[in-house]
Protein chains: 2
Amino acid sequence: MTKYSKQIFQIIEHSRDHMTAEEIFQQLRNIYPTVVRATVYNNLHRLWEAGSIRKVVLEGQPDRYDRMERHDHLICKQCGKLSDVTLTDLTQQLEAQLGMPILSYDLKMTYLCETCQAKQEAERNDV
Amino acid sequence: MTKYSKQIFQIIEHSRDHMTAEEIFQQLRNIYPTVVRATVYNNLHRLWEAGSIRKVVLEGQPDRYDRMERHDHLICKQCGKLSDVTLTDLTQQLEAQLGMPILSYDLKMTYLCETCQAKQEAERNDV
DNA sequence: TTCTATTTTTAGAATCATTCTAAAAATTCT
DNA sequence: AGAATTTTTAGAATGATTCTAAAAATAGAA
């Protein structure tokens, strides 16, 4: 692990908001002002390959990076806000239904966040 | 609905293999040889926006399009093969755990397909 | 039908996240 | 130290997708 990969790993582990490569790059530049974007991409790739970080792929957005710890994702259908929830592990249940083992699963749920719910409520009253 | 959107919708509904925009474009050209890529993208976007088709976003691949009918996805970790499975609807269960309603969910599971399992087995015997 | 408005298609340029390339620098191994 | 490997760098390249502005098609109203 180099100073860059260590730092990038730290940034991801300690951020609760699923940063993009660009955001990580910006933050890393505060510490190492000469670092280059490719270094961030290289390290993210290596960390992900090594199974040290998760990649969260959302439509129409640059990839986001996330800590490994088991958890699921909630995405607001309106504003796209991404948040974490930890539901009970479904692995057993899924394997039982499939009748075979799985390696992992990725569960994303869409909902309407409080802010967007409030907005929608307001609109309804306006009209 | 225009001839193009109708046809594109048909292609997606009748294909079991989650086609990319490019693949749909190639197939559409067999019927309408002068059609242009942008038309495929435009129509895919409209169909998706209208909730008539699903978009399957996988890492490092162009987006794939899928029929709407409720089902989940299995992805081979090795070769990337994508297949459909229909497990019991988890909505109730998820909502109960979350304590709030959700709009939809997207469940992707990774596994090792038969082919890749066989390959891995063979390698193990070779070494 | 004829005029007008809206939607769709087209061609090609533009975008933008990400990957690639090849050289330089840093690190590790012997 | 010297050689080999890994990482970083700068910048070009890639490639899926979106955008733009004009042309064509379609739908609606008179």
Side-chain angles (χ1 to χ4, degrees), chain A residues 1-12 15 17-66 73 75 80-82 106 108, chain B residues 1-12 15 17-66 73 75 80-82 106 108:
Chain A
M1 275 226 170
T2 67
K3 61 180 176 177
Y4 292 133
S5 64
K6 241 181 259 163
Q7 196 54 243
I8 289 171
F9 181 73
Q10 288 307 317
I11 289 173
I12 294 166
S15 145
D17 46 336
H18 313 91
M19 298 170 83
T20 63
E22 181 63 27
E23 288 164 351
I24 292 166
F25 170 63
Q26 296 304 339
Q27 188 161 329
L28 193 64
R29 267 217 300 204
N30 295 336
I31 314 169
Y32 301 108
T34 62
V35 75
V36 127
R37 247 182 219 86
T39 297
V40 174
Y41 280 106
N42 285 343
N43 281 296
L44 286 173
H45 183 78
R46 271 179 239 127
L47 285 166
W48 171 77
E49 207 173 32
S52 308
I53 59 174
R54 266 217 254 189
K55 196 191 281 196
V56 184
V57 180
L58 299 175
E59 30 180 68
Q61 293 185 38
D63 294 347
R64 294 175 175 277
Y65 293 88
D66 200 357
H73 287 129
I75 301 146
K81 187 164 79 88
L82 176 63
D106 173 20
K108 297 194 182 92
Chain B
M1 274 227 170
T2 68
K3 60 179 177 179
Y4 291 134
S5 63
K6 242 180 258 163
Q7 195 53 243
I8 289 171
F9 181 73
Q10 288 306 317
I11 290 173
I12 294 166
S15 145
D17 46 333
H18 313 90
M19 298 170 83
T20 62
E22 182 63 26
E23 288 164 352
I24 293 166
F25 170 63
Q26 296 303 339
Q27 189 161 330
L28 193 64
R29 268 218 299 204
N30 295 336
I31 314 170
Y32 302 109
T34 62
V35 74
V36 127
R37 245 182 220 87
T39 298
V40 174
Y41 280 107
N42 285 342
N43 280 297
L44 286 173
H45 183 78
R46 272 180 237 125
L47 286 166
W48 171 77
E49 206 172 32
S52 308
I53 59 173
R54 266 215 253 187
K55 196 190 279 195
V56 185
V57 181
L58 299 175
E59 29 179 69
Q61 293 186 37
D63 294 347
R64 294 175 176 277
Y65 294 88
D66 199 358
H73 287 129
I75 300 147
K81 187 163 79 89
L82 176 62
D106 173 20
K108 298 196 181 89

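Chain identifiers are assigned alphabetically (A, B, ...) following the order of the sequence lines, protein sequences preceding nucleic acid strands; residue numbering begins at 1 within each chain. Computed from heavy atoms alone, side chains included, the values below leave out hydrogens, waters and symmetry copies.
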Side chain to side chain donor-acceptor pair (under 3.5 Å) with Asp66(B): which of His73(B), Lys55(B), Arg54(B)? His73(B)
At what distance, to the nearest 0.5 angstrom, does CD1 of Ile53(B) lie from CZ of Arg46(B)? 11.5 Å
For the side chain to side chain contact (heavy atoms under 4.5 Å, CB included) test, which of Leu47(A), Ile8(A), Ile12(A) pairs with Ser52(A)? Leu47(A)
Are side-chain heavy atoms of Arg29(A) and Gln26(A) found at a separation under 4.5 Å? yes
Would you say that Lys108(B) contacts Val56(B) through its side chain, given a criterion of any heavy-atom pair below 4.5 Å between the two side chains? yes
What is the distance from CZ of Arg29(B) to P of dA11(C), rounded to the nearest Å? 11 Å
Under-4.0 Å side-chain N/O to phosphate OP1/OP2 contact, Thr2(B) with dT8(C): no
May I have the distance from Asn42(A) (atom CG) to dA25(C) (atom P), rounded to whole angstrom? 17 Å
Whole-Å distance between dT19(C) P and Glu49(A) CD? 11 Å
Looking at Met19(A) and Gln27(A), what are the two nearest heavy atoms and their distance? CE-OE1, 3.1 Å
To the nearest angstrom, how far is Tyr32(A) atom OH from dT7(D) atom P? 16 Å
Measure the distance from CD on Glu59(A) to C1' on dA17(C) and round it to the nearest whole Å. 16 Å
Is the phosphate of dT10(C), meaning OP1 or OP2, less than 4.0 Å from a side-chain N or O of Tyr4(B)? yes
Of the listed dA10(D), dT8(C), dT8(D), the closest approach to the Arg46(A) side chain comes from dT8(D)
Can you measure Ile31(A) atom CD1 to dT8(D) atom C1' for me and round it to whole angstrom units? 17 Å
Would you kindly give the NZ-to-C1' distance between Lys6(B) and dT9(C), to the nearest whole Å? 16 Å
List for me each residue that meets ring pair (Phe, Tyr, Trp, His ring centres under 6.0 Å) alongside Tyr32(B), sequence neighbours excluded, and say none if there are none. Tyr4(B)
Check: protein-nucleotides 14-18 of chain D nitrogen or oxygen pairs below 3.5 Å:
{"residue": "dT17(D)", "atom": "OP1", "partner": "Asp63(B)", "partner atom": "N", "Å": "2.9"}
{"residue": "dT17(D)", "atom": "OP1", "partner": "Asp63(B)", "partner atom": "OD2", "Å": "3.4"}
{"residue": "dT17(D)", "atom": "OP2", "partner": "Tyr41(B)", "partner atom": "OH", "Å": "2.9"}

Expressed as a whole number of angstroms, how long is the span from Met1(A):CE to dT28(C):P? 13 Å
For Asn43(A), answer base if it contacts any base atom (sugar-phosphate contacts may also be present), sugar-phosphate if it contacts only those atoms, and nothing otherwise; contact means non-hydrogen atoms under 4.0 Å. sugar-phosphate
